[in-house]
Amino acid sequence: MKALTYHGPGRRTWGEVPDPAVRDPEDAIVRVDAVTICGTDLHILKGDVPEVTEGRVLGHEAVGTVVTVGPGVRTVAPGDRVLVSCISACGRCGYCRQGAYGQCTGGGGWILGHLVDGTQAEYVRTPFADTSLHHLPGGVTDEQALLLADILPTSFEVGVRNGRVGPGDTVVIVGAGPIGLAAVTTARLYSPGRIVAVDLAPSRLEAAKRAGADEVLDAATSDDAAIRALSRDGLGADVAIEAVGVPETFELCTRVVRPGGRIANVGVHGRPATLHLEDLWIKNVTITTGLVDTSTTPLLLEMLAAGRLDTAGLVTHRFGLDEMQDAYDVFADAGGNGALKVALFRT
């Protein structure tokens, strides 16, 4: 089969690799019908994730069709249409029993495209199939479902829920890429008083407006005071969500949050960020970090099927699966071409 493989910082190849096979009784082999590229994949290609080894098939988000299952799989079968979650869950360890699947100590967690071969391929082996694949409702398209493999649950769990967004809150979302836009979408479920999106790219600020942001600010021309001024009393955000993953955006969140407010870091950081405790120690600020657990994926799928979750507009560019290299080039130059999420489909 063909797959996208990693060969050190800045080096990737689309070419032939061995077909995946069932290795463990709980494995399933899934034919990839739709796949996407994540900002985390770009971090890997920059060398920010040293655990990813030479020749690894990248990718951790897909929609597909089950073709083979191991003898221990009970709830999915060949022919089933499924969502391949970015998180694999053994279902038995202490963390999994608490629903904290991202921290699985039984061989799961974020492993696809990281510690085992991932989804940017024609086929993928999915460990722990019973607890890591999700049946898709009939009315949900591949493209819609693809957005629930990672960015919607990540933004919802690590951003909105960790930040404890509530009715009337001022929510400042720093970064209006796919994760930031998904945070706008899912924050709206809690009726905040105002959602403010901050970014450098005009195209992404426009996308934030379409997604439901009440205010958008250009990070290049707006200072901290301008952001705080949009809160209900000028004291700053009740919740600041960091959705980029660079020191400057995290530090901006710490400057615009109100006393007693919450900072929810979602971005993947490859460099250290300074934590100014000399300013924050007195402000009763809560800072959370996290890897998505995907415990809310079934809920989000139900909402999507019921028409209660709008993902329209998040996918801006579409490709055939064999156009993987072109898709990477477009996604990596998002600022130049207005790309948000790219989707690749089996043709």
Side-chain angles (χ1 to χ4, degrees), residues 1-20 29-49 52-67 81-86 112-114 116-126 133 136 140-152 154 177-179 181-182 201 203-204 207 268 311-347:
M1 71 170 185
K2 287 189 175 180
L4 192 287
T5 50
Y6 171 76
H7 299 280
R11 300 195 303 275
R12 64 180 194 258
T13 299
W14 174 255
E16 292 290 334
V17 301
D19 290 350
I29 306 300
V30 176
R31 185 191 72 198
V32 174
D33 297 327
V35 68
T36 186
I37 302 169
C38 181
T40 303
D41 297 319
L42 300 185
H43 278 281
I44 291 171
L45 285 167
K46 290 177 183 177
D48 290 345
V49 188
V52 179
T53 56
E54 173 87 14
R56 175 70 65 226
V57 177
L58 297 186
H60 51 266
E61 307 160 83
V63 171
T65 304
V66 176
V67 294
R81 184 166 164 259
V82 294
L83 171 68
V84 180
S85 175
C86 64
L112 290 173
H114 179 207
V116 303
D117 286 340
T119 59
Q120 289 168 6
E122 294 180 302
Y123 295 88
V124 59
R125 179 180 73 91
T126 58
L133 300 177
L136 291 184
V140 173
T141 68
D142 287 356
E143 184 171 306
Q144 288 175 314
L146 195 56
L147 298 169
L148 270 63
D150 186 347
I151 65 166
L152 261 297
T154 293
I179 288 289
L181 295 177
S203 62
R204 294 194 166 193
V268 177
T311 61
L314 286 173
V315 174
T316 55
H317 294 71
R318 296 164 182 84
F319 300 87
L321 194 59
D322 60 354
E323 297 176 298
M324 184 69 72
Q325 294 282 33
D326 293 336
Y328 258 95
D329 290 340
V330 168
F331 188 62
D333 186 30
N337 55 42
L340 294 172
K341 203 69 172 165
V342 302
L344 300 93
F345 300 93
R346 175 178 292 271
T347 55

Side-chain touch Val32/Leu344, heavy atoms, less than 4.5 angstrom:
no
Residues pairing under side-chain hydrogen bond (donor to acceptor under 3.5 Å, both in side chains) where one sits in residues 319-328, two or more places apart or in two chains, turn out to be Arg12-Gln325, Gln120-Tyr328
Can you list the steps and then say if Leu321 with Met324 is a side-chain contact (heavy atoms from CB on, under 4.5 Å)?
CA-CA 6 Å; Leu321 194 59; Met324 184 69 72; 4.1 Å; yes
Between Leu146 and Ala62, the two heavy atoms sitting closest are CD1-CA, 3.7 Å
Search all heavy atoms of Asp33 against all heavy atoms of Arg31 and return the closest pair with its distance.
OD1-NE, 2.8 Å
Which heavy atom in Ala145 sits nearest to a heavy atom in Val63, and how many Å separate them?
CB-CG2, 3.8 Å
Looking at Tyr6 and Leu45, what are the two nearest heavy atoms and their distance?
CD1-CD2, 3.7 Å
Is any side-chain heavy atom of Asp41 closer than 4.5 Å to one of His60?
yes
Among all residues two or more places apart in sequence or in another chain, which pass the side-chain contact (heavy atoms from CB on, under 4.5 Å) test with Lys46?
Asp48
Could you please spell out the steps behind the side-chain contact (heavy atoms from CB on, under 4.5 Å) verdict for Leu58 and Val52?
CA-CA 9 Å; Leu58 297 186; Val52 179; 4.1 Å; yes
Apply side-chain contact (heavy atoms from CB on, under 4.5 Å) to residues Val82 and Thr65 and explain how you reach the verdict.
CA-CA 6 Å; Val82 294; Thr65 304; over 6 Å; no
Test of understanding: with side-chain contact (heavy atoms from CB on, under 4.5 Å), list the residues that count as partners of Val17, not counting sequence neighbours.
Met1, Ala3, Thr5
Do Pro20 and Glu122 have side chains that approach each other closer than 4.5 Å (heavy atoms only, starting at C-beta)?
no
Shortest non-hydrogen separation from Gly338 to Ser203 and the atoms involved:
CA-OG, 3.7 Å
Taking only residues two or more places apart in sequence, or in another chain, which ones meet Ala207 in a side-chain contact (heavy atoms from CB on, under 4.5 Å)?
Leu181, Arg210, Leu340
Thr119 meets the side chain to side chain donor-acceptor pair (under 3.5 Å) criterion, sequence neighbours left out, with none
N/O donor-acceptor pair under 3.5 Å between His7 side chain and Thr13 backbone
no
Are any of the side-chain heavy atoms of Leu83 and Val140 separated by less than 4.5 Å?
no
Is the closest side-chain heavy-atom distance between Asp117 and Arg125 below 4.5 Å?
no
Closest approach of Leu152 to Ala182 (non-hydrogen atoms, all atoms of both residues)
CD2-CB, 4.1 Å
When rounded to the nearest 0.5 angstrom, what is the spacing between CG in Leu148 and OG1 in Thr154?
10.5 Å
For residues Asp150 and Thr36, determine if any side-chain heavy atom of one lies less than 4.5 Å from a side-chain heavy atom of the other.
no
For residues 330-347, pull every pair meeting side-chain hydrogen bond (donor to acceptor under 3.5 Å, both in side chains), keeping only residues two or more places apart or in separate chains.
Glu61-Lys341
From Ile37 CD1 over to Leu42 CG, what is the distance, rounded to the nearest 0.5 angstrom?
7.5 Å
State, yes or no, whether a side-chain contact exists between Phe345 and Glu143 at a heavy-atom distance under 4.5 Å.
yes
Is there a side-chain contact (heavy atoms from CB on, under 4.5 Å) between Arg81 and Asp142 once you walk through the steps?
CA-CA 9 Å; Arg81 184 166 164 259; Asp142 287 356; 3.0 Å; yes
